Structure formats: C-alpha cells, structure tokens
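Written out below as structure tokens is the structure these notes cover.
One-based numbering, in listed order, for ligands and for the atoms of each. Predicted model, so just to flag it, every value in this text is computed and none were measured.
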Amino acid sequence: MRNLRASGLIIYRIVSSEIEYLLLQTSYGHHHWTPPKGHVDPGESDMETALRETEEEAGLKGNHLQIREDFRKELHYEVNQKPKTVIYWPAKLVDPNLAVKLSEEHKDFKWVTLEEACQLVEYADIQSVLRDCEAYLKSS
Ligand SMILES: Nc1ncnc2c1ncn2[C@@H]1O[C@H](COP(=O)(O)OP(=O)(O)OP(=O)(O)OP(=O)(O)OC[C@H]2O[C@@H](n3cnc4c(N)ncnc43)[C@H](O)[C@@H]2O)[C@@H](O)[C@H]1O
C-alpha cells in the first residue's frame, strides 16, 4: 500500500521572550489545527515541500525563516486506512510582526503558546513533537 507522505514547518516566533507557535485551521473536514504542511509532490524533497506548503498556506517564504534542520520529527498515522508519514522541522519567523496570509485551504490561524498549541492540535503525537521542540529551542 502506498504510503502518504507530507512535510511541514513548525513556525515559531519570539514575542516578549515567549515562544509562540503558528497553527492553521483547515477549511474542510472537522477543521483540525496543524502547523503548515502538505503532501510531498513527485520529485520534491521533504524540505522543498515544507517550504512550498508554508509559502502557499501561510504566505511565509524561506527568506523570512531560520530553519532548524538539526531537529527533525516524523509522525506516523493512518488516514482512510492508509499509512501517512509527516515530517516537521522548526523554523523561526525572523520578523515576528510579519503578517500571515492564509489560502482557501485554511479558515483561521493563531499564534499560541505551547500549552494552547497542545490543546488545539488534539493528537498526542503532535503534542509530543511540540513539547520536544520547545525543550530543544529552550536548550539551544
Ligand atoms: N475532508 C476533506 N474535505 C475536503 N477536502 C479535503 C479533505 N481532506 C483533505 N482535503 C483536501 O486535501 C488538501 C490537503 O492537501 P495538503 O495540504 O497537500 O496535505 P495535508 O496537509 O497533508 O492534508 P490533510 O489536511 O488532509 O492532512 P492531515 O494529515 O492533517 O489530516 C488528514 C486526517 O488525519 C487526521 N490527523 C491529523 N493529524 C493527525 C495525527 N497526528 N494523528 C492522527 N490523525 C491525524 C485529521 O484529523 C484528518 O482527519 C486540501 O487542499 C483539501 O482540499
């Protein structure tokens, strides 16, 4: 069975010494919240996809971001009985005031603290990735 593969960026910014994460809410389905991410197209690397999807979904380009490639996490879950892999890297929004521009795929976005993010994302695996990411960012 073909594995679905997606990748994205855990976008964060620093505001008054606090880390805030960018989450997007889908316009479809049950309107779940995730960082910007999407399906890897044929011939694309995981990082190329992560950058393309972040620009398409949030209007943030690679030159707006500092990507932390040394922290990479994979999620594995099933969508419609098919296995799906999602890869994330953290990326700092260099100008914390830069505006997010949504596409039609999402109906809302929020900048939230770790605890608020864990409530919004609802799945234990991405909550765990966010907690590990915060620990990594605070230690480096
Ligand atoms: N129901 C729908 N109605 C209309 N158009 C739709 C649609 N679903 C997808 N689309 C279309 O597909 C495109 C998305 O393509 P992309 O933008 O390229 O890909 P994606 O982010 O990987 O898609 P998706 O939102 O489906 O993925 P996720 O794994 O979060 O989510 C997939 C499922 O997995 C669940 N899920 C998310 N994270 C999970 C996790 N950590 N553990 C377990 N389940 C999880 C989600 O709740 C969700 O049910 C959109 O443009 C949209 O047009």
Pair T26-H106, side-chain donor/acceptor within less than 3.5 Å: no
Every residue of the protein that comes under 4.0 Å of ligand 1, judged on heavy atoms: A6, Y28, G29, H30, H32, T34, K37, G38, H39, E53, E57, Y77, V79, K84, E105, Y123, D125
Sequence-distant partners of E104, salt bridge (charged side-chain N to carboxylate O under 4.0 Å, His left out), two or more places apart: none
Cation over ring face, R13 and W111, 6.0 Å, 45°: yes
Enclosure of K84 NZ (heavy-atom neighbours >12, cutoff 6.0 Å): yes
Remaining members of the apolar cluster that contains V94, side-chain heavy atoms under 4.5 Å: none
I126: hydrophobic cluster co-members (side-chain, 4.5 Å): L4, I10, Y12, I14, I19, Y21, L23, W33, F71, L75, Y77, V79, V86, Y88, V112, L114, L120, V121, Y123, V129, L130, Y136, L137
